[in-house]
Amino acid sequence: MPKILLTLSILLLLAAPIGAQQPPEEFPSRLVAAAMERLSHEVTYDGAYRRIDYPGGDVPDQIGVCTDLVLRAYRGVG
């Protein structure tokens with residue numbers, strides 16, 4: 001996924017309400033750090049439907065679409 005798409009996705013998500021688990025001033029920088037870490041993973045775009053466990057399921061780490069990558073960045077924040 002091009003880095004610009006990931007960056008734009010993160011900027012859009014930063015406009016979302018911030019959870020109460022972390023101080024608001026720390027959350028954006030931790031989310032950006034988690035998203036930047038995701039850039040080191042080799043991910044192939046695959047929009048095929050896959051059944052996943054719920055809640056907390058995920059497709060295999062080496063495949064996904066933009067929303068999978070954004071979700072993984074959020075999970076990286078905790």
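The analysis underlying the following values was restricted to heavy atoms, covering all of them including side chains, and did not include hydrogens, waters or symmetry mates. FYI, the numbering just counts along the sequence from 1. Just so you know, these numbers come straight off a predicted model, no measurement behind them.
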| field | Which residues share a side-chain hydrogen bond (donor to acceptor under 3.5 Å, both in side chains) with D46, sequence neighbours left out | value | R50
All N/O donor-acceptor pairs, side-chain side in residues 57-66, below 3.5 Å, sequence neighbours left out:
{"unit_1": "D58", "atom_1": "OD1", "unit_2": "R72", "atom_2": "NH2", "d": "3.2"}
{"unit_1": "D58", "atom_1": "OD2", "unit_2": "R72", "atom_2": "NE", "d": "3.0"}
{"unit_1": "D58", "atom_1": "OD2", "unit_2": "R75", "atom_2": "NH1", "d": "3.3"}
{"unit_1": "D61", "atom_1": "OD1", "unit_2": "R38", "atom_2": "NH2", "d": "3.0"}

| said: Ignoring hydrogens, what is the shortest heavy-atom contact between A34 and A73? Give both atom names and the distance. | reply: CB-O, 3.2 Å
| said: Hydrophobic clusters here meaning ILVMFWY residues chained together by side-chain heavy-atom distances under 4.5 Å, can you tell me if L71 and I52 are in one? | reply: no
